[in-house]
Amino acid sequence: MTANPQQPPPRPDHHEGSDDDQQAEALGIDPESYRYWKRACAALPPMTPEDIAAVGAVLRRIDARLAKQRGQRPPRR
């Protein structure tokens with residue numbers, strides 16, 4: 001079997017066929033980091049509605065700040 005010249009060679013730390021690795025690489029994330037944070041986040045308790053609302057408020061502030069820096073109108077809420 002010959003190698004496909006359009007595909008990069010497999011990395012030594014890449015586990016061929018791993019869905020997590022493929023998903024991470026598709027997102028441009030290091031697969032090892034992806035696996036680490038997936039395990040770390042899975043160990044956390046579920047977020048409450050209040051937690052989700054607080055994260056949403058922070059993300060809206062970040063979006064508004066970035067839009068202002070780019071000279072764009074802030075996103076609608």
Can you measure from CG (D30) to CG (D21) and round to the nearest 0.5 angstrom? 9.0 Å
Going by the rule salt bridge (charged side-chain N to carboxylate O under 4.0 Å, His left out), which residues pair with D20 if we only count those two or more places apart in sequence or in a different chain? K38
Enumerate, atom names and distances included, each donor-acceptor pair closer than 3.5 Å involving a side-chain atom of residues 49-56, sequence neighbours excluded.
from, atom 1, to, atom 2, distance (Å)
E50, OE1, T48, OG1, 3.3
D51, OD2, T48, N, 3.1
D51, OD2, T48, OG1, 3.2

With sequence neighbours left out, write down each residue that passes side-chain contact (heavy atoms from CB on, under 4.5 Å) with A42, or none if nothing qualifies. none
For the student: nearest non-hydrogen atoms of P31 and A24, plus distance: CA-CB, 3.9 Å
Euclidean distance, L27 CG relative to Y34 OH, rounded to 0.5 Å: 7.0 Å
Restricting to side-chain contact (heavy atoms from CB on, under 4.5 Å), what partner residues turn up for L44, sequence neighbours left out? none
